[in-house]
Amino acid sequence: MVRALCAACLETTIMLQQPEADGLRHVLNAGDGVELLRSLPSSLDRSHMLALLRLGDFADDAFVATALDGRITYMNRAAGRLLGIARSAMSESFLSDFIQELPRYPEPLEEPGKSSVLTWSSPGIRTDGIALSLEGASTLMIGLTGPCYLYIMRARRAETDEDSRQDQLAALVYRNTSEGMLVLDPKGIILDINPAFVSLRGQHESEVIGRHVRLLNSPCHDRDFYRAMWRSVIETGSWQGEHWGQHKNGELYPEWLSINTSYTEEGQVYRRIMIFSNIAEIKRAEAIIWKQANYDKLTDLPNRQMFYDRLEQSIKKSQRSGTKVGLMFLDLDRFKEINDTLGHAIGDELLKEAARRLSACVRQSDTVARLGGDEFTVLVDDITQKRDLDRLSKLILLKLSEPFQLGLETVFISTSIGITFYPDDGKQAEVLLNNADQAMYVAKSEGRNRSCYFDTSMQERAQTRMRLVNDLHLALAQNQFSLVFQPIVELATGKITKAETLLRWQHPVRGAIPPVEFIPLAEETGMIAAIGDWVFCEATRQAHIWRARYLPQMQLSVNISPVQFRHEGIDLGFWLSHLETMGMSGTGVTIEITEGILLDSNSGITEQLKAFRNAGIQVSLDDFGTGYSSLSYLRKFNIDYLKIDQSFVSNLGDAGPDLALCEAIILMAHKLGLKVVAEGIETSTQYELLCKAGCDYGQGFLFSKPLSARHFEALLEDGGDIRPGHGA
Ligand code: C2E
Ligand code: MG
Ligand code: MG
């Protein structure tokens, strides 16, 4: 077609003796010189030659004619532009100076201009030194002055360069990519594979090329899978998704497979390209991340997140089946003490073993999860009656109370369990967990090592508690707190030398709220720090007044919560500067701490107690006998007073076991250089037995109930003597 056009143009040019410039340019650009040369008649006469040269003048392609020795005899304007040669310099130039790889002709040519049209491409160089990349065609013909070579050429178009660069790049990528690639013909026959494919599958070219692509089907997918995959490829040209690839050695691995199609200009399928990426590593990483997000590292149990997922699933299942879901919330009793005394490594081992025992108690279909710390949950589906969980909770209590052999240590613990049911007690996961948590707290408060079913009264109690927490926030600012003082009597003389400061909260609506109710709330919410500061300042202010007015050696004790020591600790600087401002010595105040805090290795208790001592403040160990009661702690922490807990005092009777205990405590304390205060003395028998046992001080309703400052002052004004029975 192009050739016909070229020939026609040449003929027209000859006929009209003038070119139709636009048409020619179009033909030449579209068909290029090769076509033109091919269209030349076998023998060119002079008119043909002239027409040809005229054509050249209008062509965008460069026309150059040379003598047989290569000297340029003719060039058109485009050639001058391309090669940078002035027409005047033409006859001194050899074309080989500009084109490095000129085509060679066998000489002499029998029928010049007839057939041997050579196409070529070659690097070139302009007269100004600029490098060229040329392509063209040439032929040997009889010119106006004898045989000559005619060259028609052009610089390779920019996009042609780009195309080839892209081709090279594509080939480079194909060869070197880490993704396996495979080229199929429209019928699915494998035409080519790249090196990455070979290493991915272990199959070599000879084993796959020429075979049908179904050779690569893996046993992990069924016919339907491949049918759907190829249907998508046929309909849309592409498919991508996860696929199990199989290595020649049989090993299966996950891969990401993309299939794309290349089409001919006519829209027929030309090739299909399959790309395989091994995603085993990604899958592994994903699995690790998923596991980290959903499982507890220490025990390998589902974590809180996973627990919630499972609970939601159970709720949905139960909606369909009409059965109940049971949720148990477990908290190991006194786990913190074990962690603090035996160390975290033993604590961790205990948790792991507890997790194993728990898992062994339940069915495969049930979920045991660790929410954090020593808190676990058990999720049980398909429950028809609440009683169904009785057996399981008993089994769990039993299994967890068996001794734990952890390294060289044998450890005993117990567990408190709260139980709730969907849908009876709540509809949402969050509510159910809350219920079970509340029930667990009730189990703890009822003496631990037991289970307790949730009921709505617990919810009411929880709400009351919430309201109390809110009110507690206002109590300090609104002066709802006050202090009362309970005399501590020197048993030998009956003299009041000390008093314990006790906090009172007068709630504007509910009236007096006992400290056992609000101190734990203040501890949980962190408000105890501010409240504790207030108690200390108020108590020392009072002590200062009474020391100045009545009794210079008067000592007031303040109770310090373990929570005050933890976190940032007590702001001792503030306390001491308060004492200094009043001009009072630290000896006027004693702090009462409980044994638990001495076990807490993280509280920085040693340093804090040392700082108190340095300031002259003495330390009492409150409620002695109810906690760990370790003698070594008494020595280590330089305690000044032991307060025998009222539970021992209340059972005192002649020759009873508690008398022996009290006597032993007093004896031991004295040996260690400590003074003893007996708490909760209510009867004269208790009083007499304690006096006989050599107890130093006594405190209790027998002497006096806790008194307001005004009433206490009246006692002091009376001379500070107290006769047993005063407070009764
Ligand atoms: P505690 O430090 O062991 O205080 C002694 C408790 O025993 C006081 O109860 C007191 O009223 C009571 N008590 C004294 N003598 C007798 C008696 O003969 N018989 C009976 N049955 N009880 C007697 P209260 O005031 O209710 O305080 C209870 C607990 O609250 C205190 O126990 C202490 O742990 C805590 N607490 C009180 N005030 C404060 C405070 O300002 N800060 C802190 N952190 N805790 C405080
Ligand atoms: Mg106390
Ligand atoms: Mg006490």
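Start at 1 and go down the list; that is how both ligands and their atoms are numbered.
Contact atoms of ligand 1 toward G700: 15 (N), 18 (O) (distance under 4.0 Å to a heavy atom of the residue). Taking every non-hydrogen atom of V535 and a distance limit under 4.0 Å, the qualifying atoms of ligand 1 come out as 41 (O).
Heavy atoms of P706 come nearer than 4.0 angstrom to ligand 1 in at least one pair. Using a non-hydrogen distance threshold of 4.0 Å, K643 does not register as a contact of ligand 1. Under a 4.0 Å heavy-atom criterion, E500 is in contact with ligand 1. Residue contacts with ligand 1 include Q646, since one or more of its heavy atoms lies under 4.0 Å from the ligand.
Nearest N/O/S atom of E500 with respect to the Mg ion (ligand 2) is recorded as OE2.
Of the listed residues (R510, R504, R465), just one forms a salt bridge (charged side-chain N to carboxylate O under 4.0 Å, His left out) with E517, and that residue is R510. Each of K705, Q699, E500 was checked for a side chain to side chain donor-acceptor pair (under 3.5 Å) with Q486, and the lone residue meeting it is Q699.
The protein heavy-atom contact nearest to atom 28 (C) of ligand 1 is P515 CG, 4.0 Å.
Of the N or O atoms in F701, one or more lie within a sub-3.5 Å distance of an N or O in ligand 1. Between E682 and ligand 1, at least one N/O pair is under 3.5 Å apart.
Of all the heavy atoms of L502, the ones lying under 4.0 Å from any atom of ligand 1 are found in both the backbone and the side chain. Heavy atoms of R504 found under 4.0 angstrom from ligand 1 belong exclusively to the side chain. Only side-chain heavy atoms of Q486 come within less than 4.0 Å of ligand 1; its backbone N, CA, C and O stay farther off. Within the 4.0 Å heavy-atom criterion, the part of I681 lying near ligand 1 is the backbone and not the side chain. By the criterion of a heavy-atom distance under 4.0 Å, both the backbone and the side chain of L503 are placed next to ligand 1.
Protein atoms of type N, O or S found under 2.8 Å from the Mg ion (ligand 3) total 4.
Counting protein heavy atoms under 4.0 angstrom from atom 41 (O) of ligand 1 gives one or more. When distances from atom 32 (O) of ligand 1 to the protein are checked, no heavy atom turns up under 4.0 Å. Protein non-hydrogen atoms do not reach within 4.0 Å of atom 9 (O) of ligand 1.
Taking every heavy atom of both residues into account, L351 and T299 meet most closely at O-CG2, 3.8 Å.
With L483, N559, D622, V516 as candidates, the residue nearest to atom 45 (N) of ligand 1 on a non-hydrogen basis is N559.
Taking the six-membered ring where the residue is Trp, F612 and F565 present perpendicular rings, their angle passing 60° and hence far from 30°.
Between the CD1 atom in I413 and the CG atom in L350 there is a gap of 4.5 Å [rounded to 0.5 Å].
For the pair L330 and V378, the minimum side-chain heavy-atom distance is below 4.5 Å. In this structure, the side chains of F637 and L621 stay at 4.5 Å or more apart for every pair of heavy atoms. The side-chain heavy atoms of C537 and F574, taken from C-beta on, include a pair separated by under 4.5 Å. Taking the side chain as every heavy atom from C-beta outward, Y453 and D425 never approach each other to under 4.5 Å.
Side-chain polar atoms of D331 and S416 form no donor-acceptor pair below 3.5 angstrom.
Side-chain rings of Y687 and F703 approach one another, their centers coming within less than 6.0 Å.
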